[in-house]
Amino acid sequence: MADQPPAPDADVNAIVGAALRDLAFAQPSPQKQFGYKRAAAAVLALDMQLTELMAAGGALPRIAGIGPASSRVIHEILDTGGSPTVERAVAASDRRADIERKRQLRQHFLSRAAVRRALADPSLGGPSPADYRGDLQMHSEWSDGNPTLEAIASACAARGYQYAAVTDHSYGLAIAGGMSMADAGRQRQAIAAVNEECAGRFRLLQGIEANIDAAGQLDLTDEEAAAFELVLAAPHSRLRRSEDQTPRMLAAVAHPSVRILAHPRGRIGGSRAGVMADWARVFAAAAQRGVAIEIDGDPARQDVDFTLAQVALDAGCLFALDSDAHTTDQLAYADTAIAHARLARVPADRIVNCWPLERLLAWLGDASLERAR
Ligand SMILES: [Zn+2]
């Protein structure tokens, strides 16, 4: 273990959040587990790094959800880079192997403070929030989301977007309230009505989040897929397997209607690694077809993250930076995606959300217009 304070550019809040989660899992009592998990969430949601907060006030400020035991862990990490308290608890725990496994599943996740720092850091290239014209993955009350289409349109317009795509789940994913094709037809009319209201100011697109099955096929026919303005393909099964699934992902990317490979791995922080594949090969195929690779900004997903985004960038890929919001408040998750794109130094021109509506629509109509040259 490191025995010096974390580097000035370290994501201290992510380190502390991970340590508090480890400590939570090492607790036999559900009540203590809950307390440390709540403390971890509070640290990960801070706007500023703990180091900056300490430097500003000389001491750790009072933070809701963080008690004396969690404060001790924070001080240990700020002083030495690690926490003997957490290590002792983990070593004594009968869940040690499980905790070690969870640790491996928290790589390259950014805390909120790290997201904000990446957005503000002028030394990073990549898109600024001002370059971002619209969000291309979100869920409404038509599947497993909460907001109405009207609420989505006004929240997106209030964020300064020129367009957004509602991408409810298709009917194959019943667990997520997948939308039947009859419902999709009614939703299309409802979207047209919203667009009439917003004419000239904002445009809502009808997308669909299609599910990629075990063989790489989508859960809707080619004809059904072609009825949507935007088709995202995303894996929601076989996300905890160690075998290679490159052929599955290549098949999804080859589908004629697919424009975005959404949360490509399907990973969840501290829980599962998602799909294992030869991503350089998958990304090369996507680049050749003009299919964008998504950076999903849901804090629990952050999929792909900035390290894998660099592989996609080298392959010549387009990118989509999306919130995957299920409430209008969660539209702010787009910031997390933008931060990863900045850390990977993805040029704004390669990001479909930074294009004017006309260019976006042209690509949606014919992906070959934007394939890697
Ligand atoms: Zn999904």
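Numbering starts at 1 and runs along the sequence shown. In this text the structure is predicted, and so the values were computed from the model without any measurement. Counting starts at 1 for both ligands and their atoms, in listed order.
- At a cut-off of 3.5 Å, with distance as the only test, no side-chain donor of His263 or Asp322 sits close to an acceptor on the other residue.
- With a cut-off of 2.8 Å, the Zn ion (ligand 1) has no N, O or S atom of His169 in range.
- Looking at Asp168 and Ser140, their side chains do bring a donor and an acceptor atom within 3.5 Å of each other.
- With 3.5 Å as the limit, one finds no donor-acceptor pair spanning the side chains of His139 and Glu141.
- No side-chain donor-acceptor contact under 3.5 Å links Asp278 and Thr246.
- Of all N/O/S atoms in His263, NE2 sits nearest the Zn ion (ligand 1).
- Closest N/O/S atom of Glu209 to the Zn ion (ligand 1): OE2.
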